[in-house]
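Each ligand, and each atom within it, is numbered from 1 in the order the structure gives.
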Amino acid sequence: MAVWPGDTPFSYRLTWTKEETGSVNVGRVTMSTHTGTHIDAPYHFDRDGKRVSELDLDLYIGPVRVIRLHRPAGISRRELEGENLEGVARLLIRTDAWPDKSVFPGEIPPVHPDLAPYLEEKGIRLLGLDLPSVDPLDSKALPAHHALTRHGVHILEGVVLDRVEPGEYELAALPLPLAEADGSPVRAALRPLE
Ligand SMILES: N[C@@H](CC(=O)c1ccccc1NC=O)C(=O)O
Ligand SMILES: [Zn+2]
Ligand SMILES: [Zn+2]
């Protein structure tokens, strides 16, 4: 899994082996909170924002709509206007713009901040993408992160949607209850509805 350039690489190592303890292997994991499929807590980009353990778990479990925008230049309200999003609380967008997840992308289609009020209007509270960020990779101001948060839309990044067809699913993508954290890896799973 590629990590953000310069960020902590993932590692799993044994602290103790079964031979050493006489009973068990005990591992340790070192990783960035933004590794692989993960959620951003508002604290990631706002000093006073909510930490992971303060987030509502209902955001990350329940019915979800998957839509496909094939390699868009960007993701704005215009790209979504053809979709009927009535009754959708969670939205995943498959862009296929990060095909090889073992290499960090050079460029990604950014979310336009105008999407945030549009999603709020539709009642969407979770936006997930198959991309490592919702903003341009070189952005410091992070306008989409801030706009989404201001409009009550929570962020799920790095979702693997390679073989997922558009439709209605059940989503589970629960963060770990890390008390102070700015983000958390999740195990994301989709199950077709009915
Ligand atoms: N906003 C990106 C992450 C991000 O910006 C980042 C992640 C790890 C290390 C540095 C980062 N950003 C800026 O220097 C995200 O939410 O995943
Ligand atoms: Zn992140
Ligand atoms: Zn992010």
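More than 12 non-hydrogen atoms from other residues, nucleotides or ligands lie less than 6.0 angstrom from CZ of Arg71. Within a 6.0 Å radius of NZ in Lys101, other residues, nucleotides and ligands contribute more than 12 heavy atoms.
For atom 1 (N) of ligand 1, the nearest non-hydrogen atom of the protein is His44 NE2, 3.2 Å. Nearest non-hydrogen protein atom to atom 15 (C) of ligand 1 is Glu157 OE1, 3.2 Å. Protein heavy atom in closest approach to atom 13 (C) of ligand 1: Trp4 NE1, 4.0 Å.
Contact atoms of ligand 1 toward His38: 17 (O) (distance under 4.0 Å to a heavy atom of the residue).
A distance-only check finds no donor-acceptor pair linking the side chain of Arg187 to the backbone of Leu174 [under 3.5 Å].
Residue His34: no N/O/S atom is found under 2.8 Å from the Zn ion (ligand 3). Residue contact annotation: Glu157 places an N/O/S atom under 2.8 Å from the Zn ion (ligand 3).
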query = Stepwise, does the side-chain contact (heavy atoms from CB on, under 4.5 Å) test hold for Val159 with Val164?
reply = CA-CA 11 Å; Val159 188; Val164 178; over 6 Å; no

query = For Leu85 and Arg65, what are the C-alpha separation, side-chain angles and deciding distance, and is it a side-chain contact (heavy atoms from CB on, under 4.5 Å)?
reply = CA-CA 8 Å; Leu85 298 174; Arg65 166 80 57 81; 3.9 Å; yes

task = Output, in order, the C-alpha distance, side-chain angles, deciding distance and verdict of side-chain contact (heavy atoms from CB on, under 4.5 Å) for Val134 and Glu157.
result = CA-CA 8 Å; Val134 292; Glu157 295 168 329; 4.2 Å; yes

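Asp40 has its closest N, O or S atom to the Zn ion (ligand 3) at the position named OD2.
A donor-acceptor contact under 3.5 angstrom links the side chains of Asp40 and His145, judged on distance only.
Proximity of Pro132 to ligand 1, defined as any heavy-atom pair under 4.0 Å, is confined to the backbone N, CA, C and O atoms.
Every N/O-N/O distance between Asp7 and ligand 1 stays at or above 3.5 Å. Some N or O of Asp40 is nearer than 3.5 Å to an N or O of ligand 1, by distance alone.
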